[in-house]
Amino acid sequence: KRGKMAKSTQLIDNEVFRAYATYTGIVLLKMMLMSLITAYFRITKKAFVNPEDTASFGKGESAKKYLRTDPDVERVRRGHLNDLENIVPFVGIGLLYALSGPELSTALLHFRIFVGARILHTFAYLIPLPQPGRGLSWAVGYSVTFSMAYRVLKTVWLL
Amino acid sequence: KRGKMAKSTQLIDNEVFRAYATYTGIVLLKMMLMSLITAYFRITKKAFVNPEDTASFGKGESAKKYLRTDPDVERVRRGHLNDLENIVPFVGIGLLYALSGPELSTALLHFRIFVGARILHTFAYLIPLPQPGRGLSWAVGYSVTFSMAYRVLKTVWLL
Amino acid sequence: KRGKMAKSTQLIDNEVFRAYATYTGIVLLKMMLMSLITAYFRITKKAFVNPEDTASFGKGESAKKYLRTDPDVERVRRGHLNDLENIVPFVGIGLLYALSGPELSTALLHFRIFVGARILHTFAYLIPLPQPGRGLSWAVGYSVTFSMAYRVLKTVWLL
């Protein structure tokens, strides 16, 4: 039993892996927050997509009018999808990067910039900030993931 | 060669990791099933989105009428997207959680409740069940992922 | 310090894991490419979804006409979403599969076919190729992931 515990904590004892776990945890929680913001806008704007979600507003036509799209709800949903498109590659490539043995300082630089850029991206999308605010924050996160992928492929290449 | 094999099986010998792998495999297969259900409804309801998908129904106007949205197809697609939004954080945070050395019984509790909640969520979405059935099953899965993230961040925190 | 480095490079020294990392890196970069293709079509087709993205085209009505959907943009976006739906399970199940100790040749076969199929799928979607080109390439990738999931569950099963 003890032996198994020791094995299981090896990775988690590695500082780069701990940094990866911290930033991945934070950025996935940030992505999960988008669900709550969507729910908040659906309820306050009374804009739903499933008929069963409007049943508490009454039956028939009186409830049907709440089955509609709302610009604010759609905006949050686009931000959420953009998170999926960008955070999924970060989580996957970041794990391989953390296991490829980079310097802790270099790894921290990558993780911090990525997570900072994605938090900025969310603010830029939801406020919304004028362009190129959102575009730049997207590009910064994208570039960080690309940089990690380059290091991973250079280190592990086995086709 | 032997040494490498031994190394590669270390993680997989850990019971918490095996539990994680089992439940992650099941819930990702469940998510993949949504693609088949979407295809099934697209074909039985004759509701397609790409012109090339309707070519077998004839040319021109006779095929064009099958380029349409269908409520049942859209419902499955929403369930699929909701899976992506919730199962991606579970897979990422769950991996870090499994590596953070939790008790097997606690880990199993988390994994079982999450996968059970997501299976219920799919039934609640597709039947559909009256609310708050879908909402509650969503919230249970969300809370489990949040609980795992809390444990991960408490254990690994390195900013 | 030296000890930590040695630990962190264990997994990355495993050949199956290196193959997994290589193919996962490639297929995630391919998925990230979809963002650039979407941006390219949005700009060349002048078809945007956020009002702040059209501000450089002028104010009011003159910019509003660029807030529209374009068939080519929507096609790339569908390809991107299909990537998310299929590459996320590959990355998650593939990691567990790589850790389950398969033969290198078997693992390479799985990874190569999956990544080849997803690259074909993208071409089939964007050109577009007549069906069943896209359908078959989708099914091949799906089957590979299913085959890996079967091996994972058979190896680790702990419910």
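A, B, ... follow the sequence lines: proteins, then strands. Residue 1 opens every chain. None of these values were measured; they are calculated from a predicted model.
In this structure, the portion of A/Leu81 lying under 4.5 Å from any heavy atom of chain B is its side chain and not its backbone. Using a 4.5 Å cut-off between heavy atoms, A/Ala55 does not touch chain B at all. Only the side chain of A/Met31 has a heavy atom closer than 4.5 Å to any heavy atom of chain B.
Contact check for B/Leu95 versus A/Leu95: side-chain heavy atoms found under the 4.5 Å cut-off. Looking at B/Glu85 and A/Leu84, their side chains come closer than 4.5 Å, going by heavy atoms from C-beta outward. The side-chain heavy atoms of B/Leu153 and A/Leu29, taken from C-beta on, include a pair separated by under 4.5 Å. Between B/Arg134 and A/Asn50, some side-chain heavy-atom pair lies under the 4.5 Å cut-off.
Exactly one residue among B/Arg75, B/Arg78, B/Glu74 makes a side-chain contact (heavy atoms from CB on, under 4.5 Å) with A/Val49. That residue is B/Arg78.
Heavy-atom pairs under 4.5 Å with chain A were tallied for B/Pro130, B/Gly133, B/Pro89; the largest tally goes to B/Pro89. Considering only heavy-atom pairs separated by less than 4.5 Å from chain A, the leading option among B/Phe17, B/Tyr97, B/Tyr125, B/Tyr150 is B/Tyr125.
Within the 3.5 Å criterion, the main-chain N or O of B/Leu159 finds a donor-acceptor partner in the side chain of A/Arg112.
Rounded to the nearest 0.5 angstrom, A/Tyr20 OH and B/Leu158 CG are separated by 15.0 Å.
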